[in-house]
Amino acid sequence: YYQKSLVVANELQYQNGVQSALRNIGMTYADLGLVDSAIFYYQKSLELTRKTNDLKGIATLNLSLTEIYRIQEDWEKAIELLNESLSICQSSGNANLQCSTLITMGGVYEAKGQYLKSRQILLQAVEIAKNNSLNLQLISAYLNLSDVELNLNELSRAEDHVNRALFLIE
């Protein structure tokens with residue numbers, strides 16, 4: 001389906017359609033675990049997105065690519081993309097995407113074993129989510145924080161974060 005939409009978008013010279021189709025093909029390959037193909041299509045979409053200066057699209061694609069680099073444990077590339085996304089979100093005032101970026105970044109630092117850095121970043125996400133009434137992001141940040149606290153052997157803090165997330169779910 002996405003391959004067909006890519007052909008049609010190319011024929012119509014519809015750049016947004018081409019970008020979207022490439023991103024969706026990348027997502028499909030990522031879901032299938034075909035990492036190299038996913039990266040190829042995400043990067044092709046990102047190239048076009050950069051040409052159109054679609055900042056939200058760049059930040060979103062960076063998050064998608066970050067997930068692939070997390071799988072590959074390529075922390076340097078993941079953090080580079082996340083920093084770019086964070087900068088875009090901060091300058092554009094997109095609190096929702098900023099929270100997603102911070103939560104993902106916290107997860108990268110947790111995976112690297114940098115738990116204090118992860119905690120610091122996730123606490124930023126909590127504040128932004130609270131200040132902007134982003135309950136889903138807040139739940140995600142709390143649950144991620146609970147994992148970090150467990151890694152730091154801070155059991156009462158971990159429990160507190162889980163309880164805060166559960167309270168928001170109810």
Side-chain angles (χ1 to χ4, degrees), residues 2 18-130 132 134 136-154 157-158 161-162 165:
Y2 295 128
V18 173
Q19 290 167 237
S20 179
L22 289 168
R23 183 187 68 245
N24 288 329
I25 293 168
M27 199 178 325
T28 301
Y29 280 120
D31 289 344
L32 294 171
L34 301 170
V35 176
D36 291 337
S37 295
I39 290 171
F40 175 81
Y41 283 99
Y42 280 146
Q43 286 179 335
K44 287 287 185 196
S45 181
L46 187 56
E47 286 173 24
L48 291 176
T49 304
R50 286 187 193 285
K51 285 180 184 175
T52 61
N53 202 31
D54 173 7
L55 296 179
K56 183 180 177 187
I58 293 168
T60 302
L61 279 161
N62 282 350
L63 285 176
S64 298
L65 271 166
T66 296
E67 291 305 319
I68 300 297
Y69 293 133
R70 280 179 73 171
I71 292 167
Q72 293 181 327
E73 297 184 1
D74 189 340
W75 311 122
E76 194 172 306
K77 281 185 185 175
I79 290 169
E80 177 184 329
L81 291 172
L82 288 168
N83 282 326
E84 180 184 22
S85 289
L86 191 57
S87 176
I88 289 169
C89 296
Q90 289 168 334
S91 65
S92 68
N94 188 328
N96 191 29
L97 197 51
Q98 186 176 0
C99 274
S100 292
T101 300
L102 288 167
I103 290 166
T104 302
M105 187 179 280
V108 167
Y109 280 104
E110 180 186 8
K112 287 181 64 174
Q114 294 181 0
Y115 305 120
L116 295 176
K117 178 86 171 170
S118 176
R119 178 198 281 162
Q120 173 193 14
I121 291 166
L122 290 168
L123 286 171
Q124 289 176 40
V126 165
E127 287 308 308
I128 293 167
K130 280 182 184 178
N132 292 279
L134 301 169
L136 290 177
Q137 299 288 25
L138 189 53
I139 291 166
S140 180
Y142 279 140
L143 293 175
N144 280 280
L145 267 169
S146 70
D147 286 341
V148 170
E149 299 297 359
L150 285 174
N151 282 310
L152 290 167
N153 205 28
E154 295 283 350
R157 283 185 178 190
H161 294 310
V162 169

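All values below were derived from every heavy atom in this structure, side-chain atoms included, with hydrogens, water molecules and symmetry-related copies excluded. Nothing fancy with the numbering, it's 1 onward along the sequence. For clarity, every value in this text was computed on a predicted model and none was experimentally measured.
The CZ atom of R119 sits 5.5 Å away from the CG atom of L116 when rounded to the nearest 0.5 Å. The CG atom of L22 lies 8.0 Å from the CZ atom of F40; values are rounded to the nearest 0.5 Å. Rounding to the nearest 0.5 angstrom, the gap separating the NZ atom in K112 from the OG atom in S118 is 11.5 Å. Annotation: the span from I103 atom CD1 to Q124 atom CD amounts to 11.5 Å, rounded to 0.5 Å. Summarising the geometry, atom OH belonging to Y69 is positioned 4.5 Å from atom CD1 belonging to I39; distances are rounded to the nearest 0.5 Å. Going from atom CE of M27 over to atom OG of S20 covers 8.0 Å, rounded to the nearest 0.5 Å.
Shown here are the side chain to side chain contact (heavy atoms under 4.5 Å, CB included) partners of L136, two or more places apart in sequence or in another chain: there are none.
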Taking it one step at a time, do D36 and Q72 satisfy side chain to side chain contact (heavy atoms under 4.5 Å, CB included)?
CA-CA 10 Å; D36 291 337; Q72 293 181 327; 4.1 Å; yes

Would T101 and N83 satisfy side chain to side chain contact (heavy atoms under 4.5 Å, CB included), going step by step from the backbone distance to the final call?
CA-CA 9 Å; T101 300; N83 282 326; over 6 Å; no

As a quick check of understanding, evaluate side chain to side chain contact (heavy atoms under 4.5 Å, CB included) for L97 and K56, giving each step before the final call.
CA-CA 8 Å; L97 197 51; K56 183 180 177 187; 4.0 Å; yes

Please evaluate residues V162 and S146 with respect to the criterion side chain to side chain contact (heavy atoms under 4.5 Å, CB included), reporting the C-alpha separation (whole Å), side-chain torsions for both, the decisive distance (0.1 Å), and the verdict.
CA-CA 6 Å; V162 169; S146 70; 3.6 Å; yes

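S45 contributes no side-chain N or O that, together with a main-chain N or O of Y41, makes up a donor-acceptor pair within less than 3.5 Å. The backbone N or O of T49 lies less than 3.5 Å from a partner atom in the side chain of T52, making a donor-acceptor pair.
Checked against L102 for a side chain to side chain contact (heavy atoms under 4.5 Å, CB included), the options V126, L86, N144, L82 give a single hit: L86. For the side chain to side chain contact (heavy atoms under 4.5 Å, CB included) with L81, the qualifying choice from T66, I58, I68, L61 is T66, the only one to do so.
Inter-residue side-chain proximity for E67 and T104 is flagged as met; some heavy-atom pair is nearer than 4.5 Å. For the pair N96 and Q137, the minimum side-chain heavy-atom distance is below 4.5 Å.
Taking all atoms of both residues into account, the shortest heavy-atom contact from I128 to C99 is CG2-SG, 3.5 Å. Taking both residues in full, the closest heavy atoms of D54 and G57 are given as OD1-N, 3.0 Å, listed atom of the first, atom of the second, then distance. Nearest heavy-atom pair across Y42 and R23 is CE2-O, 3.5 Å. Across S91 and I88, no two heavy atoms sit closer than the pair OG-O, 3.0 Å. Residues A38 and G26 come closest through the heavy atom pair CB-O, 3.4 Å. Nearest approach of S85 to L63, heavy atoms of both residues: OG-N, 4.4 Å.
Applying the 6.0 Å contact sphere to NZ of K44 captures no more than 12 heavy atoms from other residues, nucleotides or ligands.
E110 has no carboxylate O lying under 4.0 Å from a charged side-chain N of R70, or vice versa, which leaves the two without a salt bridge.
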